[in-house]
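Atom set for the values below is all heavy atoms of this structure, side chains included, hydrogens, waters and symmetry mates excluded. All chains are named by letter (A, B, ...) in the order of the sequence lines, taking the proteins before the strands, and each is independently numbered beginning at 1. Keep in mind it's a predicted model, so treat the numbers as computed, not measured.
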Amino acid sequence: MQKIISRDMCNALMVWFDEHRREMPWRGSADPYHIWVSEMMLQQTQVATVEKYFHKWIERFPDVFALANADLENVLKVWEGLGYYTRARNFHKGAKYIVAHTKDKHALFPVNYEDWLKVPGVGPYTAAAVSSIAFKYPAAVVDGNVKRVMARLFCLGDSISTQKYHKMLFEIMNEGFHGHHPGWVNQAWMELGSLQCTPRPNCSTCPLNEHCCAYKNDQVADFPRKSEKKKIPTRYGAAFIIEKDDKVLILRRPEEGFLGGLWEYRIHIKGT
DNA sequence: AACGCGGGGAG
DNA sequence: CTCCCAGCGTT
């Protein structure tokens, strides 16, 4: 079967999306900064959690200048609870990068995929998401949801974590916008993966089931191909909670290495 | 190419 | 409880 997203497929997707898409605080926003904030958070966190942090973030850092001028400690404080704290640091770096590279206030943000990729903390996913949603730039998002959808749609058996696979999907999807707004098409694919083409999908109500290779061959359970699970080593250790005069001792770990830069009680990890 | 990073949800 | 998830920077 040809690995092409036809006009019919794209149209069916968008009809479904118009009816089933979820409302989100940043959806439909014309502010690229708002889009960027939401995508940085959505990289690792589900929509319901991001909604709470998004409002708090925008209130505290209303624009890219507020973020760039803030102290890193304050940035981390607002991010606290989201995890992946290196990303908050990179986001802060990214805001400084944007401000430093601004030529005038009418060209504050990059408007294409390639220039967004240069921003610290912004990789292929975020560059495609922000440039397409905020600037209609035709770059496809290839996130985990999308990979699962495409693996089924085209019966792609190769490992979905390889660069080759990623590049192929990027090219297929970049030819599949068919005149629709790239940002909305991207969001529609992700929404389909999030609501319909889930790990355990409900194919009977899927708008693309007649186009789906895995469904037509009754092989939905075989895609995406399962990857070998990596074994995570268990670390054993002890924590000492040291109190004096109503105060508790906490220490900060070195920036590099395991749990870098995070605060902790006095910990001793066995073997270190 | 492989690894580490932090939470939350599902079973 | 245990398992599963996922983008980016680093090595």
Side-chain angles (χ1 to χ4, degrees), chain A residues 22 35-54 56-57 72 75-97 113-114 116-133 139-152 158-170 173 186-187 189-195 197-202 221 223-235 252-264 267 269 272:
Chain A
R22 295 167 291 181
I35 305 295
W36 188 19
V37 171
S38 71
E39 292 300 342
M40 290 302 290
M41 292 179 174
L42 285 165
Q43 283 174 29
Q44 78 247 14
T45 309
Q46 295 186 318
V47 171
T49 306
V50 168
E51 285 181 344
K52 290 179 274 184
Y53 280 84
F54 179 80
K56 202 168 61 167
W57 188 277
L72 177 59
V75 173
L76 289 169
K77 189 64 187 172
V78 180
W79 192 267
E80 192 173 272
L82 274 176
Y84 283 112
Y85 296 98
T86 298
R87 296 190 190 178
R89 296 188 188 98
N90 284 333
F91 193 10
H92 189 223
K93 274 187 206 167
K96 288 180 177 295
Y97 174 95
Y113 175 77
E114 290 75 17
W116 269 103
L117 263 186
K118 299 172 188 167
V119 180
V122 174
Y125 167 77
T126 310
V130 179
S131 64
S132 69
I133 295 170
V141 291
V142 187
D143 76 339
N145 280 325
V146 168
K147 285 178 183 171
R148 184 176 58 254
V149 173
M150 295 297 155
R152 289 169 175 160
D158 296 340
S159 170
I160 59 174
S161 62
T162 60
Q163 289 178 353
K164 187 179 172 184
Y165 191 100
H166 191 283
K167 185 172 182 290
M168 181 183 71
L169 291 184
F170 188 66
M173 293 177 66
N186 279 333
Q187 291 182 84
W189 283 118
M190 293 190 283
E191 198 84 323
L192 188 76
S194 183
L195 297 180
C197 195
T198 53
R200 267 180 257 222
N202 183 2
F223 299 96
R225 205 209 71 182
K226 301 187 182 0
S227 60
E228 299 103 45
K229 49 203 162 188
K230 57 194 170 190
K231 333 165 174 151
I232 312 243
T234 302
R235 293 171 192 256
R252 192 170 192 182
R253 299 183 62 88
E255 287 294 330
E256 304 299 319
F258 183 58
L259 299 175
L262 299 185
W263 295 88
E264 64 179 13
I267 307 283
I269 308 284
T272 64

OP1 or OP2 of dG6(B) less than 4.0 angstrom from a side-chain nitrogen or oxygen of Thr45(A), does that happen here? no
Pick base, sugar-phosphate or nothing for Arg89(A), based on heavy-atom distances below 4.0 Å to the nucleic acid. nothing
With P as the reference atom in both, quote the distance from dG6(B) to dT11(C) in angstrom, rounded to an integer. 16 Å
Starting at atom CG of Leu117(A), determine the distance to atom C1' of dG9(C), rounded to an integer number of angstrom. 13 Å
Quick check: on DNA chain C, is the nucleotide nearest Asn90(A) upstream (toward 5') of the one nearest Arg148(A), or the reverse? Name the residue that is more 5'. Arg148(A)
Return the 5'-most residue of the pair Pro199(A), Ala127(A) with respect to DNA chain C, ranking by each residue's nearest nucleotide. Pro199(A)
Please state how far atom CD in Glu39(A) lies from atom C1' in dC8(C), giving the value in whole angstrom units. 14 Å
Nearest-Å distance, CH2 (Trp79(A)) to C1' (dG7(B))? 12 Å
How about Asn145(A) and Ser194(A): does a side-chain donor come under 3.5 Å of a side-chain acceptor? no
Taking atom P of dC8(C) as reference, at what distance in whole Å does atom NZ of Lys118(A) sit? 17 Å
Which nucleotide, dG7(B), dG8(B), dC8(C), lies nearest any side-chain atom of Tyr85(A)? dG7(B)
Ring of Phe170(A), cation from Lys167(A) - is the NZ or CZ under 6.0 Å from the centre and inside 45° of the axis? no
Strictly distance-based, threshold 3.5 Å: is any side-chain N or O of Thr45(A) a donor or acceptor partner for the main-chain N or O of Leu42(A)? no
Anything under 30° is parallel, anything over 60° is perpendicular, the rest tilted; go ahead and classify Trp57(A) against Phe91(A). parallel
Under 4.0 Å between any heavy atoms, over every strand shown, what does Gln44(A) touch: base, sugar-phosphate, or nothing? Just pick one. base
Distance check needed: dC8(C) C1' versus Tyr97(A) OH, whole Å only. 16 Å
Please give, in whole Å, the distance from dC8(C) C1' to Phe91(A) CZ? 14 Å
Trace of the side-chain hydrogen bond (donor to acceptor under 3.5 Å, both in side chains) decision for Glu39(A) with Tyr125(A): CA-CA 9 Å; Glu39(A) 292 300 342; Tyr125(A) 167 77; 2.5 Å; yes
Residue Gln163(A), side-chain atoms from C-beta onward, closest of dC8(C), dA1(B), dG8(B): dA1(B)
dG11(B), dG9(B), dC8(C): which one has an atom nearest the side-chain heavy atoms of Gln46(A)? dG9(B)
Side chain of Arg200(A) only, please: which of dG6(B), dG11(B), dG8(B) is the nearest? dG11(B)
Pairwise 5' ranking along DNA chain B for Thr162(A) and Tyr53(A), keeping only the more 5' one: Thr162(A)
Atom-to-atom span, CD of Glu80(A) to P of dG7(B) - whole angstrom: 9 Å
Once you round it to whole Å, what is the distance between P of dC5(C) and CE of Met41(A)? 25 Å
